[in-house]
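Side chains are part of it too, since the values below use all heavy atoms of this structure and drop only hydrogens, waters and symmetry mates. Note that the coordinates shown come from a computational prediction; the quantities given were computed from them, not determined experimentally.
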Amino acid sequence: MLVQAGFRDVAVREKFDTFRGTSKERIARKYGVTGINVFARKA
Amino acid sequence: MAIACPVDLDIRKLRDEIRSIYARVASDPSGEFHFHRGPDYAAEFLRYDRAALAQLPVESTASFAGVANPHRIAPIEEGSVVVDIGCGAGMDLLLAAKSAGPRGRAIGIDMTEAMAEKARASARAAGLDNVEVRLGDAMSLPLEDASADVVISNGVLNLTSDKAVAFGEVFRVLKPGGRFLYADIVVANELSESIRKDVDLWTG
């Protein structure tokens with residue numbers, strides 16, 4: 001999606017277990033929901 | 001992977017629910033929510049620097065409800081114009097303002113009046129005069145083309161009804177060579193249509 005928008009050098013830099021310990025943890029695990037850090041640059 | 005809403009999702013209800021939830025986070029961050037909030041969460045789960053957070057007004061950190069950490073992606077250089085889309089009570093915005101320094105500017109955008117007011121108050125309490133907060137929408141940013149060196153966003157664009165439009169707006173406001181330090185949630189498995197139509201699950 002970011003590449004389609006025109007960005008370059010798109011890269012996932014880090015992931016986080018954002019919903020651990022919340023009431024949505026089970027559904028988050030079922031669908032593989034994680035927090036991520038992404039870098040992108042406008043050429 | 002679906003990047004747009006189901007055609008019969010009530011977009012107005014979604015936006016109202018988002019405003020309502022985050023107004024509540026602004027007014028009562030210790031209330032009951034389906035997601036973590038606050039500086040301890042930010043440090044323990046998202047690797048924010050505790051010492052840096054301790055220097056910020058409590059009003060900005062207590063209501064923090066981000067999902068990742070844009071400040072770990074790349075440094076924000078002194079003198080930068082930084083835009084924070086969905087700035088909330090201002091924790092990321094104030095950190096960005098400190099990095100940008102007095103020669104730079106940090107502009108926060110939020111669609112929730114309560115959060116925008118809280119961010120402005122936090123900036124005043126922090127003594128930061130390079131901060132501005134504008135009421136606005138991620139899909140139609142109140143910013144000129146090519147006006148930002150850096151755009152950050154934390155747990156916000158996943159709430160938009162059309163990610164392609166939202167990403168297009170980020171691209172529009174960045175200067176050539178500008179960087180997008182993007183923090184959000186992703187799903188590994190395709191969501192069912194019924195899940196994607198459930199407004200409660202959109203807002204956590």
Side-chain angles (χ1 to χ4, degrees), chain A, chain B residues 1 3-4 32-37 41 44-47 65-74 146 148-155 157-158 163-192 195 198 200-201 204:
Chain A
M1 283 187 283
L2 287 167
V3 171
Q4 287 170 349
F7 288 98
R8 298 291 179 265
D9 302 332
V10 179
V12 175
R13 293 278 177 91
E14 199 168 3
K15 294 184 179 181
F16 304 90
D17 194 4
T18 304
F19 289 95
R20 174 169 51 93
T22 70
S23 58
K24 298 293 186 185
E25 179 175 8
R26 196 171 66 83
I27 196 166
R29 295 232 180 282
K30 178 178 178 181
Y31 288 98
V33 183
T34 55
I36 57 168
N37 280 349
V38 179
F39 175 89
R41 185 188 305 275
K42 178 174 178 175
Chain B
M1 177 170 60
I3 62 171
E32 200 167 310
F33 297 94
H34 296 306
F35 45 85
H36 293 302
R37 290 137 351 265
Y41 156 65
E44 185 182 330
F45 283 67
L46 307 179
R47 302 172 202 136
V67 297
N69 185 343
H71 303 281
R72 286 177 62 89
I73 301 172
D149 297 296
V150 180
V151 170
I152 67 174
S153 189
N154 193 345
L157 300 190
N158 74 89
K163 277 68 174 172
V165 169
F167 289 144
E169 279 293 276
V170 175
F171 192 85
R172 178 182 67 78
V173 305
L174 276 170
K175 297 175 185 176
R179 295 167 301 149
F180 183 24
L181 310 183
Y182 176 41
D184 217 325
I185 54 171
V186 290
V187 294
N189 307 315
E190 182 80 27
L191 300 176
S192 66
I195 292 274
D198 188 333
D200 285 342
L201 290 178

Any side-chain heavy atom of A/N37 sitting closer than 4.5 Å to one from B/Y182? no
If you round to the nearest 0.5 Å, how far is CZ of B/F35 from OG1 of A/T22? 10.0 Å
Using a cut-off of under 4.5 Å for heavy-atom pairs, which of A/K15, A/R13, A/R20 has the most such pairs with chain B? A/R20
Check each atom of B/V170 against the heavy atoms of chain A and say whether the ones under 4.5 Å are side chain, backbone, both or neither. both
Just wondering, do A/V38 and B/I73 contact through their side chains at under 4.5 Å, heavy atoms? no
Spacing of CD1 belonging to A/I36 relative to CD1 belonging to B/I185, to within rounding of 0.5 Å: 9.5 Å
For a side chain to side chain contact (heavy atoms under 4.5 Å, CB included) check, start with the C-alpha distance between A/Q4 and B/F167, then their side-chain angles and the critical distance, and finish with the verdict. CA-CA 9 Å; A/Q4 287 170 349; B/F167 289 144; over 6 Å; no
Specify the closest pair of heavy atoms between A/G35 and B/A68, including all atoms of both residues, with the distance to one decimal. C-CB, 4.4 Å
Return the set of residues passing ring-ring contact (aromatic ring centres under 6.0 Å, His included) with B/F45 (not counting sequence neighbours), or none when no residue passes. B/H36, B/Y41
Heavy-atom distance under 4.5 Å to chain A: side chain of B/N69, backbone, both or neither? both
Interchain contact, A/A43 with chain B, by part (heavy-atom threshold 4.5 Å): backbone
For B/E44, which residues count as a salt bridge (charged side-chain N to carboxylate O under 4.0 Å, His left out) partner, sequence neighbours excluded? none
Under 3.5 Å, is there a donor-acceptor pair between the B/H34 and A/S23 side chains? yes
Taking atom NZ as the centre, does B/K175 end up with more than 12 heavy-atom neighbours from other residues, nucleotides or ligands that are less than 6.0 angstrom away? yes
Nearest-0.5 Å distance, NZ of residue A/K42 to CZ of residue B/F180: 12.5 Å
